[in-house]
Each structure stands twice: as structure tokens, then as C-alpha cells.
Amino acid sequence: MVSINDKKEEKSVSEKIGAVIMKFRFLFLSVIGILIVAAIAAGIAITVSESSRKKGLETLDSLMYPLTQAVQEEYPAARDAALPEILALAEKNANNVVGVRAYMAAAELYFDMEDWASARDAWVAAAGAGTGAYTAAVCYYNAAVCAENLGDTVTAVSYYEMTVADEECLFLPHALFSLGRLNESSGNYSEAQTYYTKLRDSYPSDFWTTLAESRLIALRGDGVIQ
């Protein structure tokens with residue numbers, strides 16, 4: 001049961017709260033106003049960002065489309081004309097999905113030209129533009145392939161290691177085998193065994209596992225691993 005004193009106390013507290021609100025009503029209204037403005041600004045920013053993303057992707061598509069239509073004789077000139085614009089678009093959007101796709105497109109063009117160094121750099125830039133995205137591991141895998149083509153085993157290993165850090169990567173079995181192969185070729189037999197074994201245990205039915213098992217047998221036959 002609520003006593004009269006309790007009611008008086010509740011009324012007294014309510015009056016005090018009301019007095020505080022009245023005293024600072026302009027401050028409260030200002031805070032509410034700021035929050036409303038911030039919400040509107042955030043909404044506008046999201047809309048602008050989405051519009052910019054859409055426009056950027058459309059621009060990239062417009063740059064790539066002529067390459068898909070060019071006949072063999074026209075393709076090199078069309079590629080050379082499109083590449084600088086694709087790179088400019090990528091650099092302008094270095095931290096969003098437009099940049100990811102543009103750098104990946106540039107990397108593919110460089111790869112087609114067998115310009116392994118430029119392709120590697122573009123793949124790494126694409127991975128950086130989409131940090132945390134599923135594309136990052138794919139980009140590091142391709143960068144590793146480019147590094148191998150350059151004869152840079154150390155860098156290739158580091159990029160393959162970045163690839164296998166993403167357990168959802170579609171190229172993970174091949175990347176694990178490549179890490180085993182490169183370590184084996186460098187005489188790091190213990191490391192090679194680690195990657196071959198991980199591949200065998202994680203993907204027992206994969207094509208690359210069959211090759212990994214054959215390498216483990218060969219390495220044991222040579223007496224370099226247990």
C-alpha cells in the first residue's frame with residue numbers, strides 16, 4: 001500500500017525532475033535537434049555513398065565493355081587505352097568496392113600481358129581496398145602466382161599464407177599445396193610436411209591432397225621427414 005508520505009515523496013521527485021527539465025529545456029531541445037540533424041546527415045551520406053558506388057561500377061563496366069567486343073587485332077589497343085582510366089578509377093576509390101573491382105580488372109589485364117610485377121601490385125591493391133571481404137584471399141592467391149612467375153619465392157609464400165588465413169577461400173587447398181611445394185623446394189621440409197599434412201587432414205578428397213600425399217611419401221623415402 002502506498003502511503004500519503006510516499007505520494008508526497010513521489011510528487012516531490014517529479015517536481016524536481018520537471019524543474020530540471022524546464023531549467024535545461026533549451027539544452028535538451030538542442031541535443032535532440034543535433035541528433036535529428038545527425039540522423040538526416042547519415043541518411044544523406046549513405047544515399048550519396050550508394051549513388052557514388054553505383055556510378056563507379058557503371059563507369060568500370062563502360063570501360064571494360066569495349067574490351068569484350070574488340071576483335072583480336074583491336075584488343076591490345078583497346079586494352080592499352082582502357083587501362084589508365086581503370087587505374088585512375090581504382091585509385092579514386094581505393095577503399096571501397098569500386099576500387100576492389102577496378103584493381104582486379106587492371107590486374108587481370110596486366111596478367112594477360114604477362115606483366116607479372118604490375119599484376120601482382122594490382123592484386124595486392126585490390127586486397128587492400130577490400131580488407132575483410134571474401135575477395136581479399138583470392139587477390140592474395142593471384143598475387144602469389146604472380147610472385148612465383150617473377151621467381152620471388154619468399155614473397156609468394158607470404159601471399160599464400162595470407163590466402164590460407166581465410167578458411168573460406170575457394171583456393172585454399174591449392175594454396176596449401178603451393179605452400180608445401182615452395183617450402184619443399186627451399187629445403188624447409190618440416191614446413192612442407194606441415195602444409196601437406198594440413199591439406200590431407202582438412203580436404204581428404206581433394207585433387208591437391210592426392211599430390212600432397214605423394215610428396216609426403218617421397219619426402220619420407222628421401223629420409224628428410226619422419
ask   = Are the side chain of Q193 and the backbone of Q226 linked by a donor-acceptor contact shorter than 3.5 Å?
value = yes
L87 side chain reached by Y110 side chain, heavy atoms, under 4.5 Å = yes
request  = Output, in order, the C-alpha distance, side-chain angles, deciding distance and verdict of side-chain contact (heavy atoms from CB on, under 4.5 Å) for L172 and Y203.
outcome  = CA-CA 10 Å; L172 205 151; Y203 303 93; 3.5 Å; yes
inquiry  = Give me the atom names and distance for the closest heavy-atom approach of L182 to A156.
reply    = CD1-CB, 3.9 Å
message = Quick one, Y189 and N183 - any side-chain contact, counting heavy atoms below 4.5 Å?
response = no
query = Roughly how far, to the nearest 0.5 Å, is the CD atom of E213 from the OG1 atom of T197?
reply = 9.5 Å
task = Could you state whether V138 and V145 fall into the same hydrophobic cluster, counting links through intermediate Ile, Leu, Val, Met, Phe, Trp or Tyr residues with side-chain heavy atoms under 4.5 angstrom apart?
result = yes
message = Pairing donors with acceptors under 3.5 angstrom, does anything connect the side chains of T209 and D206?
response = no
ask   = Can you tell if the side chain of L179 reaches within under 4.5 Å of the side chain of V157, non-hydrogen atoms only?
value = yes
message = Between L67 and L109, is the side-chain contact (heavy atoms from CB on, under 4.5 Å) condition met? List the steps.
response = CA-CA 10 Å; L67 300 181; L109 295 177; 3.8 Å; yes
task = Search all heavy atoms of L60 against all heavy atoms of A105 and return the closest pair with its distance.
result = CD1-CB, 4.3 Å
ask   = Quick one: are F207 and L211 in side-chain contact, heavy atoms under 4.5 Å?
value = yes
query = Same cluster or not: are M162 and F171 linked, directly or through other Ile, Leu, Val, Met, Phe, Trp or Tyr residues, by side-chain heavy atoms under 4.5 angstrom apart?
reply = no
request  = Supply the atom-to-atom distance Y159 OH to C146 SG, rounded to the nearest 0.5 angstrom.
outcome  = 9.5 Å
inquiry  = Applying a strict under-4.5 Å side-chain criterion to I, L, V, M, F, W and Y, I'd like to know whether L150 and Y141 cluster together.
reply    = yes
Ring centres under 6.0 angstrom apart (F177, Y196) = yes
remark   = Residues L199 and A212: closest non-hydrogen pair is CD2-CB, 3.7 Å
note = Rounding to 0.5 Å, atoms CD1 (I86) and CG (L63) come to a distance of 5.5 Å
message = So which atom in W208 and which in P173 form the shortest heavy-atom distance, rounded to 0.1 Å?
response = CB-O, 4.1 Å
ask   = Nearest 0.5 Å, what's the NZ-OG1 distance between K54 and T59?
value = 12.0 Å
ask   = Mind checking whether W116 and F111 have ring centres under 6.0 Å apart?
value = yes
key: Joint cluster assignment, V164 & L170, ILVMFWY side-chain distance < 4.5 Å   = no
inquiry  = Strictly distance-based, threshold 3.5 Å: is any side-chain N or O of T155 a donor or acceptor partner for the main-chain N or O of D152?
reply    = no
key: Inter-residue atom distance L176.CG - S202.OG, 0.5 Å rounding   = 7.0 Å
Salt bridge (charged side-chain N to carboxylate O under 4.0 Å, His left out) contacts touching residues 59-70 (sequence neighbours left out) = D61-R101
query = Are the side chain of D115 and the backbone of S118 linked by a donor-acceptor contact shorter than 3.5 Å?
reply = yes
query = Are M113 and R79 close enough, and set up right, to give a side-chain contact (heavy atoms from CB on, under 4.5 Å), and what steps lead you there?
reply = CA-CA 10 Å; M113 298 162 63; R79 178 193 61 207; 3.4 Å; yes
task = Measure the shortest side-chain to side-chain distance between S62 and E58 over non-hydrogen atoms and say whether it is less than 4.5 angstrom.
result = no
inquiry  = Is there a side-chain contact (heavy atoms from CB on, under 4.5 Å) between E161 and Y140? Walk through the geometry before answering.
reply    = CA-CA 9 Å; E161 288 174 343; Y140 283 129; over 6 Å; no
ask   = Counting N and O atoms only, with roles assigned by atom type, does the side chain of D166 sit under 3.5 Å from a partner on the main chain of E168, one being a donor and the other an acceptor?
value = yes
Nearest-0.5 Å distance, CD1 of residue I225 to CD of residue E191 = 12.5 Å
message = Can you give me the closest heavy-atom contact between A126 and C139, atom names plus distance?
response = CB-SG, 3.6 Å
inquiry  = Is there a side-chain contact between R120 and W123 in this structure, where contact means two heavy atoms from C-beta onward sitting under 4.5 Å apart?
reply    = no
inquiry  = Counting neighbours of CD on Q69 that are heavy atoms of other residues, nucleotides or ligands and sit closer than 6.0 Å, is the number greater than 12?
reply    = yes
message = Keeping N93 on the side-chain end and L89 on the backbone end, is there a donor-acceptor pair under 3.5 Å?
response = yes
ask   = Going by an N to O cut-off under 4.0 Å, is there a salt bridge joining E148 and R181?
value = yes
query = So which heavy atom on A192 is nearest to which on G180, and how close?
reply = CB-O, 3.3 Å
